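Nothing here was measured: the structure is a model prediction, and the numbers come from that model. Convention: sequence-line order gives letters A, B, ...; per-chain numbering from 1.
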Protein chains: 4
Amino acid sequence: MADGTGAIEPSKKAKAGGIAGDTLKRYLERIERLEEEKKALAGDIREVYAEAKGNGFEPRIMRKVVSLRRMTAADREEEEALLDVYRQAVGV
Amino acid sequence: MADGTGAIEPSKKAKAGGIAGDTLKRYLERIERLEEEKKALAGDIREVYAEAKGNGFEPRIMRKVVSLRRMTAADREEEEALLDVYRQAVGV
Amino acid sequence: MADGTGAIEPSKKAKAGGIAGDTLKRYLERIERLEEEKKALAGDIREVYAEAKGNGFEPRIMRKVVSLRRMTAADREEEEALLDVYRQAVGV
Amino acid sequence: MADGTGAIEPSKKAKAGGIAGDTLKRYLERIERLEEEKKALAGDIREVYAEAKGNGFEPRIMRKVVSLRRMTAADREEEEALLDVYRQAVGV
DNA sequence: CTGCCATTTTACCGGC
DNA sequence: GCCGGTAAAATGGCAG
């Protein structure tokens, strides 16, 4: 650990497979559980897009709007301005 | 919408900014709410890694382990598929 | 093969490891060679973006422009129009 | 560009639509040319799969095999990394 | 035309 | 704090 490369055996209290191993396991299980929930939410989001699509809205465009709403007004305007500059430069 | 260009005003019920606009807004708000929850979970996961790091475990390695655990199922399937290929190749 | 599951032993002419195996191997090698070339081109593209960045252009925006140029004028205008509709509907 | 907002007119040499615009255009054209080649290779690869299919090989399985071959190097590295983890865990 | 697979884009994380 | 690489998500293309 002194060399900064180590991973297990935190604070020299125990060796892998012992108490530290149990601690590590608990961390991993907490992480995996949280990741499952996260994955479930991703599924929920997909479902909402699908439902919206069923009502005539285009998910692709909806995503763009969500993305725009996520940005601050300043950032959004700046990016749009720069894009305009590039577009004019190449004539699109 | 018969012209294939539109998306808003599903079922001819309303125009943008009207009822359809409200519907769209509701979808977007549902999505944004779910994304917030998802983001919160991502934050929780980060915290667990940070806590583990505080106890001497290296997040980088932990991520590797999580990844390996996750891939196990997929790899097993891959391996079974390959086994099938070989079985078919030899006609068993 | 009649059951639709088989892959090797095409036309019942040979068994894996034999002529068919050689044929398969040749196909795989052709594919792998082409994929290497493809990967090299991807590297070249990355380099161009990096060079442009070094001259003050933002790759992120450049990619958007490339994407716009890829679309037909009609598609591009339609998409922009629809995005405007959605944006107005939710007030972005 | 001292204000960090600009990108075009690198080194204050020109304005959009001018020299900088030409430079940008050249970058975009290089990129688009490379992408065309890349796309052509993708088409070639697809053709090889199609030809193989015509000779009784299943593209789906072939892709799996190609993928497995490709992953071998990565897996080997992964395995070595994991070995390192274990070595560190036991302090060898 | 729906679902799958590949590619591309986006977000995240550790290093400098 | 930026930047590069790495993993997740989304978009697009293709077969069935």
Side-chain angles (χ1 to χ4, degrees), chain A residues 4-5 7 31 34-36 38-50 53-54 58-68 70-71 79, chain B residues 4 31 34-35 38-39 41-50 52-53 57-71 74 78 81, chain C residues 4 31 34-35 38-39 41-43 45-47 49-50 53-54 58-68 70-72 75 79, chain D residues 4 31 34-36 38-50 52-54 58-64 66-67 70-71 74 77-78 81:
Chain A
T5 61
I31 288 164
L34 289 167
E35 283 191 344
E36 271 177 45
K38 184 155 148 285
K39 188 168 188 172
L41 280 171
D44 291 346
I45 291 168
R46 249 192 311 278
E47 279 178 32
V48 177
Y49 277 116
K53 181 177 185 173
E58 293 195 14
R60 171 180 169 70
I61 310 296
M62 289 177 69
R63 285 177 194 279
K64 277 189 204 290
V65 177
V66 168
S67 177
L68 287 169
R70 203 171 17 222
M71 297 171 74
E79 180 153 331
Chain B
I31 288 163
L34 289 166
E35 282 190 344
K38 186 155 145 288
K39 187 168 189 168
L41 280 171
D44 291 346
I45 291 168
R46 234 194 318 282
E47 277 177 36
V48 177
Y49 278 116
K53 181 175 186 173
F57 298 104
E58 291 198 14
R60 172 177 168 69
I61 310 297
M62 289 177 69
R63 285 177 195 279
K64 244 186 222 298
V65 176
V66 169
S67 176
L68 284 170
R69 282 204 192 192
R70 184 172 41 215
M71 281 187 185
E78 185 90 45
Chain C
I31 288 164
L34 290 167
E35 283 190 342
K38 187 146 110 6
K39 187 168 189 172
L41 281 171
I45 291 168
R46 247 193 312 280
E47 279 177 32
Y49 277 116
K53 182 176 186 174
E58 292 195 16
R60 170 177 168 75
I61 311 294
M62 288 177 70
R63 286 178 194 277
K64 277 189 203 291
V65 177
V66 168
S67 177
L68 286 169
R70 212 175 4 228
M71 298 173 71
T72 71
D75 285 348
E79 179 154 329
Chain D
I31 288 163
L34 289 167
E35 282 190 344
E36 271 177 45
K38 186 152 144 292
K39 188 169 188 170
L41 281 171
D44 292 346
I45 291 167
R46 221 172 314 118
E47 278 178 35
V48 177
Y49 278 116
K53 182 175 186 175
E58 291 197 14
R60 171 178 168 73
I61 310 295
M62 289 177 70
R63 285 178 195 277
K64 245 186 223 297
V66 168
S67 175
R70 183 173 41 217
M71 281 186 185
E77 287 163 25
E78 185 90 44

May I ask you to check whether over 12 heavy atoms, not counting those of Met71(B), lie within 6.0 Å of atom CE?
-> no

What nucleotide among dA11(E), dA15(F), dA8(F) has an atom nearest to a side-chain atom of Lys53(D)?
-> dA15(F)

Of dG14(E), dT7(E), dC13(E), the nucleotide closest to the side chain of Arg46(B) is dC13(E)

Check every strand shown and say whether Pro59(B) touches a base, only sugar-phosphate, or nothing at a heavy-atom separation below 4.0 Å.
-> sugar-phosphate

Answer yes or no: does a side-chain N or O of Arg60(A) lie under 4.0 Å from OP1 or OP2 of dG12(F)?
-> yes

Does atom NZ of Lys53(B) have more than 12 heavy-atom neighbours, drawn from other residues, nucleotides or ligands, at distances under 6.0 Å?
-> no

Return the value, rounded to whole Å, for the distance between atom CD1 of Ile45(A) and atom P of dT11(F).
-> 13 Å

For Met62(A) and dA9(F), what is the distance between atoms CE and P respectively, to the nearest whole Å?
-> 18 Å

Hey, is CZ on Arg69(B) packed in by over 12 heavy atoms from elsewhere, all under 6.0 Å?
-> yes

5' priority, DNA chain F, between Lys39(D) and Glu35(B) [closest heavy atom] | Glu35(B)

Closest to the Arg70(A) side chain: dT9(E), dA11(E), dA9(F)?
-> dA11(E)

Whole-Å gap separating P (dT9(E)) and CD (Glu79(A)) | 14 Å

CZ of Arg70(D) to NZ of Lys39(C), rounded to nearest 0.5 Å, is 8.0 Å

In whole angstrom, give the distance that lies between atom CD1 of Ile31(A) and atom P of dC12(E).
-> 16 Å

Spacing between Glu58(D) atom CD and dC4(E) atom C1', to the nearest angstrom = 15 Å

Length of the line joining Met71(B):CE and dT6(F):P, which is rounded to integer Å = 13 Å

Between dG12(F) (C1') and Lys64(A) (NZ): distance, integer Å | 13 Å

Please give, in whole Å, the distance from dT7(E) C1' to Lys38(D) NZ?
-> 7 Å

Arg63(D) side chain near dC5(E) phosphate (N/O to OP1/OP2, under 4.0 Å) = no

Under the side-chain contact (heavy atoms from CB on, under 4.5 Å) rule, what do Arg60(C) and Glu79(A) come out as? Steps first, then yes or no, please.
-> CA-CA 10 Å; Arg60(C) 170 177 168 75; Glu79(A) 180 153 331; 2.9 Å; yes

